[in-house]
Amino acid sequence: AIGPFEEMAPDTYQTTLKPHDLIVLGTDGLCKPVLDDEMAEIAQRDCSLQERCQLLVDTALRNGGTDNVTVLIIHAQPASWFANLLA
């Protein structure tokens, strides 16, 4: 469920990404039990994105999280990487 209301207005945020920036998207099951600094430290670790997501889920549960925990990490790539993909 997205929310208890018939109509919802999503929060939006606009920014300019630089190559190799990371965006962590998480449900409240992640954001409530894991502090921002801890989340940032885990997201920047030297392992795969999948491993980092699992570490964030594990940390949320270890910190007492009782809600569903869903995490997605987006790793911004240089524009040349995308152009090469389409070539």
Practice prompt. Could you state whether Ile42 and Leu22 fall into the same hydrophobic cluster, counting links through intermediate Ile, Leu, Val, Met, Phe, Trp or Tyr residues with side-chain heavy atoms under 4.5 angstrom apart?
Written response: yes
Fill in: Minimum side-chain heavy-atom gap Ile74-Leu17 below 4.5 Å
no
Discussion item. Please enumerate all residues that pass side chain to side chain donor-acceptor pair (under 3.5 Å) together with Asn63, with sequence neighbours excluded.
Written reply: Glu38
Worksheet item: With a 4.5 Å heavy-atom cut-off, do Leu30 and Val24 have their side chains touching?
Response: yes
Item to complete: Write out all pairs satisfying ring pair (Phe, Tyr, Trp, His ring centres under 6.0 Å) with one or both partners inside residues 45-80, taking only residues at least two apart or from two chains.
Response: His20-His75
Worksheet entry | Heavy-atom pair with the smallest gap, counting every atom of Gly65 and Pro33 | CA-CG, 3.9 Å
Which donor-acceptor pairs under 3.5 Å do the side chains of residues 47-55 make with protein atoms, sequence neighbours left out?
{"unit_1": "Ser48", "atom_1": "OG", "unit_2": "Glu51", "atom_2": "N", "d": "3.0"}
{"unit_1": "Ser48", "atom_1": "OG", "unit_2": "Glu51", "atom_2": "OE1", "d": "3.2"}
{"unit_1": "Glu51", "atom_1": "OE1", "unit_2": "Ser48", "atom_2": "N", "d": "2.9"}
{"unit_1": "Arg52", "atom_1": "NE", "unit_2": "Arg45", "atom_2": "O", "d": "3.3"}
{"unit_1": "Arg52", "atom_1": "NE", "unit_2": "Cys47", "atom_2": "O", "d": "2.8"}
{"unit_1": "Arg52", "atom_1": "NH1", "unit_2": "Ala43", "atom_2": "O", "d": "2.8"}
{"unit_1": "Arg52", "atom_1": "NH2", "unit_2": "Cys47", "atom_2": "O", "d": "2.7"}
{"unit_1": "Gln54", "atom_1": "NE2", "unit_2": "Asp58", "atom_2": "OD1", "d": "2.8"}

Fill in: Side chain Thr27, main chain Thr70, donor-acceptor under 3.5 Å
yes
Worksheet item: Considering all heavy atoms of both residues, which atom of Gly29 and which atom of Ala60 are nearest to each other, and what is their separation?
Response: O-CB, 3.5 Å
Practice prompt. May I ask you to test the Leu56-Ile73 pair for a side-chain heavy-atom distance under 4.5 Å?
Written response: yes
